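It should be emphasised that the depicted structure is a prediction, and the values quoted were computed from it without experimental measurement. Proteins get letters first, then strands, A, B, ... in listed order; numbering begins at 1 in each.
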Amino acid sequence: MKYEPQKLEAKWSAYWERQGLFKATEDPSKEKYYLLEMFPYPSGKIHMGHVRNYTIGDVVARYKRMCGKNVLHPMGWDAFGMPAENAAIENNSHPAQWTYGNIEAMKVQLRRMGFSYDWDRELATCDPEYYRWEQLIFLKMYEKGLAYKKRTHVNWCEKCQSVLANEQVENGCCWRHTDQEVTIKEMDSWFLKITDYAEEILDYCDKLPGWPERVLSMQRNWIGKSYGAIIRFLLVDSGEVIEVFTTRQDTVYGATFLCFAPEHPMVKEMVKGLPKEKEVLEFIDRTLKMDSYMRTAEFTAKEGVFTGRYCLNPVTDEKIPIFVANFVLFDYGTGAIMAVPTHDQRDFEFAKKYDLKLRVVIKPPDRDLHEDEMTEAYVDEGILVNSGPFDGQRNLGALDSIAEFLESKGSGYKTTNLRLRDWGISRQRYWGTPIPIIICDKCGTVPVPEEDLPVVLPLDLDMRPNGGSPLPFEPSFYETTCPKCRGKARRETDTMDTFVESSWYFDRYACPDYDQGPLDSERVDYWMPVDQYIGGIEHAILHLLYSRFYTRVMRDFGHLKVSEPFTNLLTQGMVCKETQECPEHGYLYPYEVKDGRCVQCQAEIITGNTVKMSKSKRNVVDPEDLIERYGADTVRMFCLFASPPEKDLEWNDQGVEGSYRFLNRVWRVVVDHIDDTTKVTAYGGKEALSDRLKALHRKTHQTIKKVTDDIENRFHFNTAISAVMELVNEISQFMNEMVEKDETAWSVVREAVETAVVLLSPVVPHIAEELWYMLGHDKSLLTIPWPVYREEALEAEKILVVLQVNGKVRNRIEVPSSYSQNEIETEALADERVQRFISGKPVKKVIVVKNKLVNVVV
RNA sequence: GCCUGGGUGGCGGAAUUGGUAGACGCAAGGGACUUAAAAUCCCUCGGAGCUAAGUCUCUGUACGAGUUCGAUUCUCGUCCCAGGCACCA
């Protein structure tokens, strides 16, 4: 009988579905386990990244189920987003049609992979039954001031035709269009007040031991809390207060000028009617026209303009000039800084350029420092000088007392500052959740009344050929009446960032059919938090930070009890492959290359670096082709075997071949002796065994131990698979040389074979199920308990002991396991090879590690 | 510059608490079976050296020190790679 994966895989996945084996029901008497993989954007086809991500998850889900846990393993669709709009324009169809069609296609593929999802809980975020609750939460947030509209400077991506959140800008470019520079626009935008929760989110970074350190450190970094002070400077001839944030209040005596960010509204006020006004306004204009990346890049020269105004340094009472400078950020701190050219490199460069005053206030411990000799700022620790009552103190030691001194004078206070900004969620897009707000000329911004939800995205409109959102051009959508005054009003035509949908979908899986509110607390409280979340590292900040925020908002609204949505996080590596390039035809798909040559022009191809699989580099492998050729089990197995999950996976066609070979080997090891093994029951540890049988029995149980440990504690499926490979090798070797052919022998073989099949079943469920059935079982592997190793089976009569002389391995001997330390030592010292290396020298010391090694020191 | 990872054969990777470095697989080479091929099975496989034969010797986990009877593993320093943050006051 041949291994025919296509046939048996179809059979078993149909069987699982029919039996409803993946259905999860709330059962308080059982321990729950919520396993979740990041849901996909329905692009229409799964790619290897999905396959890897979902295979990892599926192994854990199946394993936990066999361990007796009540497993929730859902799947759904992150279904809003721009590609749908673009595709619709291209194909002259509708985003909804395109999206739902893709969902169907991808679902077929996921089913084909044999993933154990409870499809009854499937959800698509573009479904009004989903986003209506998101709109409701938005209204509640609006009510509480957690959602607000602000006219401000925002990131604009020309290709998205939309605003982006700060998190969605990478190196000054759009995260989706990495070649599109983001520009700054001033416009009305909706924000969610993530900063209100920043402290809590930051604190909890220390309470997430199940998260990878690098993700936590990226989040801490992004929140960017720093400790310092607000210091007040009085504007001369006005008495207005200018506040600056600094972490270096120890240098306040050296602050010899002040700089404003060009966006700062106070600047225009300050220069109004002054001779400098025109020059200042021109500078502001010029600076703001630059894209944000260029303006704030380190290599951009520091530039500024004097405003003509002065303020008073609160500790020296000195009149110091006020500048507008390009390097000062409006949305960090207060948008204005005190400049201490002697102890800050940026300020130093600025001061040199505009010939501004320098005053040293920190001197190195070992020498003096003179302003006119300085070629760069002195930024190290030192002793305070020219600092009034603080002279002679160590600068870092005086941070607190200077802050208190400022506070006592009413000139400032100690505080902290965050880098994190509120989450901008307005998108000038069509295919997203409408923001449930009405704008009335008379009443202003008015929330849509709850009973009018959902504000449904109209489906019967034409996409605009230039790619912009059709909503602002669709009177049937935007024309409405004001809920307050009943007058004519206009709907908000911005939609929400799609990251809002993905910030709570995991909660909704607990109760996808609930229609009384966003969440059914009883079910959500049973399932949440997610015990294990698995997804790509690219969401380290974006999705994972937003979700931690949104969960807390939902908690404070009483929808759920947890603060953290994901107890354990596994960030799997990328799937990579080398690129292949033809000098003539550019990057080639694997099928465009034959024997190292381009199929079109026969030119020799250039093999490039191994990089993340992407269509643009054409270094992709289509999972569908592989399934067709080898079956889903082989694909699953290779994804797990090639490397541990958190590392990048280097695609290797020969490796896939190897996995396929192994499955064939397993197949033969079972099928070739099926008549003999099905005549007996699996060995249960009772009958006495010969040494040879004992060895196989021991290997069987060692493998159970190893595989369990690898999956349970480390998610190291590669080593788990290796262990089963060893067992299978040992079984086939045993059968080759099999001398005993009695019932006991076959029952030990049967135990070994069944164990291999069961241990492999989470990884390659289809073939495992088929072999299990052939071994005479009639219940699915999904319903049988995960095997437990027997301690006594691991014990051996003889133990291998390594003999070292001066730490170098000189021999290996077998001793009875009953030997005491002394007996082992005696045996070791008597060993001929050990004696040779001692060569008569006096033995200084003998170290005996029980059951492991003896080291003789001479 | 700061923060996090990481550096082991030709390759992917093992070595879990400091105790046999290179499990398992891929590639390569040799052999068996076959008319032949495929498939399968067996053997070799870090480097260098020595031998009639190896139960042989030396060396080896980026580099340099250190702790230890013993270090891929712990400590310090250096170099390199990847990712994140960065004119953040």
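Look at A:R810 and you'll find a side-chain N or O under 4.0 angstrom from OP1 or OP2 of B:C58. Regarding contacts with the backbone of B:G84, every side-chain N or O of A:R220 stays at 4.0 angstrom or more from both OP1 and OP2. For A:R665, a side-chain nitrogen or oxygen approaches OP1 or OP2 of B:C41 to under 4.0 Å. Between A:R421 and B:C88 there is no side-chain polar atom (N or O) within less than 4.0 angstrom of OP1 or OP2.
Side-chain atoms of A:D347 never come within 3.5 Å of backbone atoms of A:H343 as a donor-acceptor pair (strictly under, hydrogens ignored).
Seen from the ring of A:W211, A:R220 does not count as a face-on cation partner, given the 6.0 Å and 45° thresholds.
With rounding to whole Å, A:H716 atom NE2 is found 11 Å from B:A14 atom C1'. A straight line from CG of A:L853 to P of B:G19 spans 10 Å, rounded to a whole angstrom. One interatomic measurement links the two molecules: CG of A:D347 to P of B:C88, which rounds to 10 Å at whole-angstrom precision. Between the CG atom of A:N811 and the C1' atom of B:C56 there is a distance of 12 Å, given to the nearest Å. Note: CD1 (A:I537) to P (B:G83) measures 12 Å, nearest angstrom. At whole-Å resolution of the value, CZ in A:R661 and C1' in B:C41 are 13 Å apart. Taking atom CG on A:D380 and atom P on B:G1, their separation rounds to 14 Å, with Å as the unit. The CD-P distance, from A:Q733 to B:C43, rounds to 8 Å in whole Å.
Under 3.5 Å, the side chains of A:S226 and A:Y332 contain a donor-acceptor pair of N or O atoms.
The partner of B:A32 is B:U40, by the rule that a Watson-Crick or G-U pair needs both atom distances under 3.5 Å. A 3.5 Å limit on both hydrogen-bonding distances identifies B:G77 as the Watson-Crick or G-U partner of B:C63.
In this structure, A:F350 has its ring center closer than 6.0 angstrom to the ring center of A:F257.
Of the C1' atoms belonging to B:U8 and B:A23, the separation is 13 Å, rounded to the nearest Å.
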